[in-house]
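Below is one structure, written out as structure tokens, with a few remarks after it.
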Amino acid sequence: MAGLRLGPLLRYVDWESGGSATIWVEADRPCTAEVRCADGAQGTSRTFQIAGHHYALVPVTGLTPGTTTAYEVLLDGRKVWPLEGSLLPDSTIRTPDVPSDGVTVSFGSCRWSAAPADGHDPVGPDALDTLAVELAADPTAVRPDVLLLLGDQVYADETSEETRAWLAARRDLSEPPGAEVADYEEYTRLYDESWSDPEVRWLLSTVPSCMIFDDHDVIDDWNTSASWLAEMRETPWWQERILSGLMSYWVYQHLGNLSPEELESDELYAAVRAAPDGTDRLKNFAAEADAHPASVRWSYRRDFGRTRLLMVDTRAARVLEEKNRAMLDADQARWVREQALAGRGTYDHLLIGTSLPWLLPPLIHNAESWNAALCRGERGERWARFGEDLRRRADLEHWAAFPDSFEKLARLIAEAGSGPDAPATVCVLSGDVHHAYIAEPTWPDGAPDARVLQLTCSPVHNSIPRSIRLGFRFGWSRAGRRFGHAFARHGRTGRPPVDWRRTGGPWFGNHLMTLALRGRTAGLRLDQAQAVAGAAARLVTADERQLTADRDPTHSGA
């Protein structure tokens, strides 16, 4: 008798016709997964097998646009969801009106799994878990239409005490990679831990999600530089680690990002489903993706009515050759450009999801571009060696560390945001840096017609040392900006193609940021999870503003 191991996760909901959705599940044995909705919509799919685990992505059809319907999951005809005895509300699929008049998008990144319900949480309440508790308690509360998880959904290199104990029962942790994950089975443990929290599990079953990886989904500083990668490939454990990381990402995150039409034409998905055991086929794909990153595109596009989302891979798509470093390889960069400019006038808001911020605190931006100049030899071999060591120690590998890519993105944003068919807003959505802020760029030759913002929200559930907090605050200050100019002069980097100022933040804590996009209007809210003595944690609004009401923000930065 088949049981439900993990899920369900509501991943894709169709915003063109409003008639279909996909739901991801993991079962404990081979079976047929079925979704039945209260309004008669349904779907079935046979599980496929990877490394002894059994998964299905169930296409649900027959949904009615503009409605909310409860659903249940059956495995081989037996109901396994909702869980027996659960006090949480029914899981539902909410479909948009067609055509849709707007979308609400919540986003964030960097989430350690929530602490056990009876345990102390040293980093404070989990913002995702807190959102789930509040939504479950209030059926009338406004839910986001989609949840964007912008990297570090799991931490393969910073495992919990419970996971370390589990790893120690499998192998000797004195041998590399120690208490980090080593293979596919250990990656599945991370997803079990992260997505099994009852409230988070319910939230992911009822709010559609889009995901993209960042470094900790594989390993800290993944693809920082060519020399870093060469050293990793010399270790005896790296090959299994990277292949398992890419395989598990494909199964647990990437597949659900795709529409039913994209899944239907995906040759790998078809091959894995057709095989009695798809492990070797998926491992071969992962090996090719690792050896030839340009052979795979993890980036994808979603349209939510008149809002366009481009989720951009800034990890696996990098070009690491020092003289030709790029955040995106040529094919990926071309794809992003084509998607951003296609159908001008058919969207009112352009969202660019990139785990790494495009606009950083000015001091940090200048330090990263200076470091990139050193590493490519602008100041000689000795400075290049120093630069590489510093790059790894200080995590200097954001967009600023790829100057050509930074400039190309600046030009693309200006082009996409200019002209009579320009959208009302172009927003770069990011995480990674463990604080939240809003930054607004200006161009020397005039601003685009669209309002352009860098919106950074991180972490959802993690920590940041006090010393780093102080460093970020200083990085945004006038003194920090002046100090950064000294780096630029030493590295001969010149001025970036845009200037920018902070118009909100920095905020520290566990956050989720929400965009409410209706027609050509845009509103922003930042919520922080705060502990309450003797009661459940709650989300407290740290900032709320209209983005399209006034070109001059009412909240000024330092």
Side-chain angles (χ1 to χ4, degrees), residues 6 9 106-133 147-168 173 177-182 186-204 209 211-222 241 245 248-249 252-253 315 355-356 395 430-436 456-469 472 507-513 526-531 536-539:
L6 194 60
L9 274 74
S106 293
F107 64 95
S109 81
C110 307
R111 180 178 176 263
W112 279 341
S113 57
D118 57 351
H120 170 67
D121 195 333
V123 301
D126 178 350
L128 199 64
D129 183 73
T130 306
L131 173 65
V133 171
L147 183 65
L148 309 185
L149 300 177
L150 295 169
D152 297 342
Q153 274 67 262
V154 294
Y155 278 72
D157 50 0
E158 297 180 37
T159 53
S160 68
E161 182 178 346
E162 293 78 11
T163 291
R164 289 193 295 272
W166 181 85
L167 293 173
L173 298 190
E180 300 181 15
V181 301
E186 293 177 7
Y187 269 103
T188 69
R189 162 75 186 191
L190 298 182
Y191 287 101
D192 287 348
E193 186 176 52
S194 185
W195 291 353
S196 290
D197 172 84
E199 288 77 20
V200 170
R201 188 177 188 180
W202 170 81
L203 179 71
L204 294 176
S209 53
M211 306 181 188
I212 197 72
F213 49 32
D214 199 25
D215 55 343
H216 291 285
D217 291 276
V218 175
I219 191 171
D220 189 24
D221 298 339
W222 176 30
R241 168 72 164 269
S248 61
Y249 175 76
Y252 286 84
Q253 297 191 48
R315 281 293 169 185
S355 62
L356 304 176
D395 294 349
S430 306
D432 180 72
V433 291
H434 289 209
H435 71 296
T456 302
C457 184
S458 168
V460 171
H461 185 232
N462 209 311
S463 63
I464 183 170
R466 179 175 175 79
S467 60
I468 302 299
R469 292 190 186 203
F472 278 130
W507 295 281
F508 296 95
N510 295 324
H511 293 98
L512 282 170
M513 197 173 273
L526 178 71
D527 293 320
Q528 183 183 84
Q530 294 186 1
R538 62 176 183 170
L539 290 177

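In this structure, the ring pair (Phe, Tyr, Trp, His ring centres under 6.0 Å) partners of Y252, at least two apart in sequence or on a different chain, are W24, Y55, Y191. In terms of the salt bridge (Lys or Arg N to Asp or Glu O under 4.0 Å) criterion, residue partners of R315 (sequence neighbours excluded) are, by chain and number, D214, D215, E397. Taking S430 as the reference, Q454 meet the side chain to side chain donor-acceptor pair (under 3.5 Å) condition, with sequence neighbours excluded. Qualifying salt bridge (Lys or Arg N to Asp or Glu O under 4.0 Å) partners for D432, counting only residues two or more places apart in sequence or in other chains: none. By the salt bridge (Lys or Arg N to Asp or Glu O under 4.0 Å) test, E193 pairs with no residue at all, sequence neighbours left out. Every residue two or more places apart in sequence or in another chain that forms a ring pair (Phe, Tyr, Trp, His ring centres under 6.0 Å) with Y249 is listed here: F213, W298. With sequence neighbours left out, E158 forms a side chain to side chain donor-acceptor pair (under 3.5 Å) with no residue at all. Every residue meeting the side-chain contact (heavy atoms from CB on, under 4.5 Å) condition with T130, not counting sequence neighbours, appears here in chain and number order: P125, E134, A529, A537, L539. Applying the side-chain contact (heavy atoms from CB on, under 4.5 Å) rule to Q528 yields the partners H511, Q530; only residues at least two apart in sequence or on another chain are considered. In this structure R201 satisfies the side chain to side chain donor-acceptor pair (under 3.5 Å) test with no other residue, sequence neighbours excluded. With sequence neighbours excluded, the residues forming a side chain to side chain donor-acceptor pair (under 3.5 Å) with D121 are H461, listed by chain and number. For D152, there are no salt bridge (Lys or Arg N to Asp or Glu O under 4.0 Å) partners, not counting sequence neighbours.
To the nearest 0.5 Å, atom OG1 of residue T159 and atom CD of residue E186 are 9.0 Å apart. Expressed to the nearest 0.5 Å, how far CD1 of I212 lies from OG of S109 amounts to 12.5 Å. Distance check, rounded to the nearest 0.5 Å: OG of S113 to CG of L128 gives 12.0 Å. Atom CG of N510 sits about 11.0 Å away from atom CD1 of I464, to the nearest 0.5 Å.
In plain terms, the two heavy atoms of A132 and W202 that are nearest each other are O-CZ3, 3.6 Å.
Proximity of a side-chain donor or acceptor of S196 to a complementary backbone N or O of D192 within less than 3.5 Å is detected. Remark: the backbone N or O of D220 is paired with a side-chain donor or acceptor of D157 at under 3.5 angstrom.
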